[in-house]
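What follows is a set of notes on a single structure, which appears directly below.
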Amino acid sequence: MLRRLGDALGRVAPWRVAERLRGLGALVLAPLRFSLIDGHARSALTRRAMTAAGAPLPWYTYPAIAFLDQTELGGRAVLECGGGQSTHWWLGRGAMVTTLESHAVWAAELRQALGGRARIETVRDGLDDLPGDIAQQRFDVVVVDGLDRLRAAELALRCLKEDGAILLDNAEGYWGPPGTYPIVDLLQGAGFRRIDFHGYGPGTRAPHCTSVFFRGDCFLLRPSWPPQLKS
């Protein structure tokens, strides 16, 4: 619609005037579109990550969500270290989800809300009480977004499939002594490469970074359809 309006202005207004009007339109309408249509406004007001229609979204950056959206996730095994709206989102994409949570009350609420559609385990932040069978499984995606994140990243190394991916949210955070990046060092030292997705997340007031770590022929880098814009 905005493009058609700009084309119409170009036909009836002098070039310089039309260009200035297009610029003003982008200045006003693009942020409004982002906030209203992409769900940022609703997420900010409700303090829950969601689309404009109310469907759950993870708190990852919008570029990271768009990247994940390009791949078929049905039947993929996902391990979350920290759950919530993201758990609903992964399930909505057809993934099989196991979530580790250190907050017992929140874990109970999440378990009740999901009605058995995901495995929710209450663990300590340090993961020293991790159920043994989880450590023996192999996952397509391990999300490091809660608990002791360095311990969660160490767990990810042990239980990730060869063509899987580790997703680290708030990757710009030190997660160690100031000025150090122990999680980044750990994963890159283990031979992982990294893609950073900088930007705003649902309802956030400042940008952050969601990073995807991978090695070899990662399944996330084999999109199942050409690039598409979502309306």
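Quick note: residue numbers are just sequence positions, from 1.
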Residue that, paired with Phe213, satisfies side-chain contact (heavy atoms from CB on, under 4.5 Å) out of Val184, Ile195, Val142: Val184

Short side-chain to backbone donor-acceptor contact, Thr180 and Pro182, under 3.5 Å: no

Intermediate values then yes/no, side chain to side chain donor-acceptor pair (under 3.5 Å), Glu80 and Thr87: CA-CA 8 Å; Glu80 289 188 300; Thr87 313; 2.5 Å; yes

Residue that, paired with Asp163, satisfies salt bridge (charged side-chain N to carboxylate O under 4.0 Å, His left out) out of Arg138, Arg222, Arg215: Arg222

Parallel, tilted or perpendicular, as decided by the 30° and 60° cut-offs, for the rings of Tyr62 and His40: tilted

Which atom of Cys81 lies closest to which atom of Leu155, heavy atoms considered: SG-CD2, 4.5 Å

Within-4.5 Å side-chain heavy-atom neighbours: Trp59 and Thr210: no

Nearest atoms (heavy-atom pairs only) where Asp148 meets Gly126: CB-CA, 4.3 Å

Salt-bridge contact Arg119-Glu121 (side-chain N to carboxylate O under 4.0 Å): yes

Inter- and intrachain pairs under side-chain hydrogen bond (donor to acceptor under 3.5 Å, both in side chains), touching residues 193-209, at least two apart: Asp169-His208, Gln188-Arg194, Arg194-Asp196, Asp196-Ser211

Shortest non-hydrogen contact between Cys218 and Ala165, atoms and distance: SG-CB, 3.8 Å

Step-by-step side-chain contact (heavy atoms from CB on, under 4.5 Å) determination, Leu127 to Leu147: CA-CA 8 Å; Leu127 292 169; Leu147 311 179; 3.6 Å; yes

4.5 Å side-chain heavy-atom contact, Leu220 and Phe214: no

Separation of Tyr60 OH from Cys209 SG (nearest 0.5 Å): 13.5 Å

Arg149 and Asp125 ion-paired at < 4.0 Å: no

Interatomic spacing from CD1 in Ile65 to CH2 in Trp89 - rounded to 0.5 Å: 7.0 Å

same_hphob_cluster(Val212, Leu157) at 4.5 Å side-chain heavy-atom cutoff: no

Derivation of the side-chain contact (heavy atoms from CB on, under 4.5 Å) call for Val143 and Leu79: CA-CA 6 Å; Val143 181; Leu79 174 64; over 6 Å; no

Point-to-point distance, once rounded to the nearest 0.5 Å, from CG of Leu91 to CG of Leu73: 11.5 Å

Test ring pair (Phe, Tyr, Trp, His ring centres under 6.0 Å) applied to Phe67 and Phe197, step by step: CA-CA 9 Å; Phe67 171 73; Phe197 295 93; 4.9 Å; yes

NZ/NE/NH1/NH2 to OD/OE distance under 4.0 Å, Arg93 and Asp69: yes

Inter-residue atom distance Arg48.CZ - His88.NE2, 0.5 Å rounding: 7.0 Å

Side-chain heavy atoms of Val144 within contact of Leu167, under 4.5 Å: no

Reported CD-to-CZ distance for the pair Gln85 and Arg47, which is rounded to 0.5 angstrom: 11.5 Å

Smallest separation among heavy atoms of Ile134 and Cys159, with atom names: O-CB, 4.5 Å

Trp175 vs Tyr181 side-chain heavy atoms within contact, under 4.5 Å: no

Shortest non-hydrogen contact from Pro131 toward Val123: CD-CG1, 4.1 Å

Within one Ile-Leu-Val-Met-Phe-Trp-Tyr cluster: Leu130 and Leu160, side-chain cutoff 4.5 Å: yes

Heavy-atom donor-acceptor pair, Asp140 side chain to Ala77 backbone, under 3.5 Å: yes

Which atom of Ala107 lies closest to which atom of Thr122, heavy atoms considered: CB-OG1, 3.4 Å

OG1 on Thr99 to CG on Leu110, rounded to 0.5 Å: 6.0 Å

Within-4.5 Å side-chain heavy-atom neighbours: Ile120 and Leu100: no

Heavy-atom side-chain proximity of Met50 to Ser43 below 4.5 angstrom: yes

By salt bridge (charged side-chain N to carboxylate O under 4.0 Å, His left out) - contacts of Glu172 (at least two apart): none

Asn170 side chain reached by Asp145 side chain, heavy atoms, under 4.5 Å: yes

Side chain to side chain, Lys161 and Phe139, heavy atoms closer than 4.5 Å: no

Val141-Met96 co-clustered via ILVMFWY side chain contacts under 4.5 Å: no

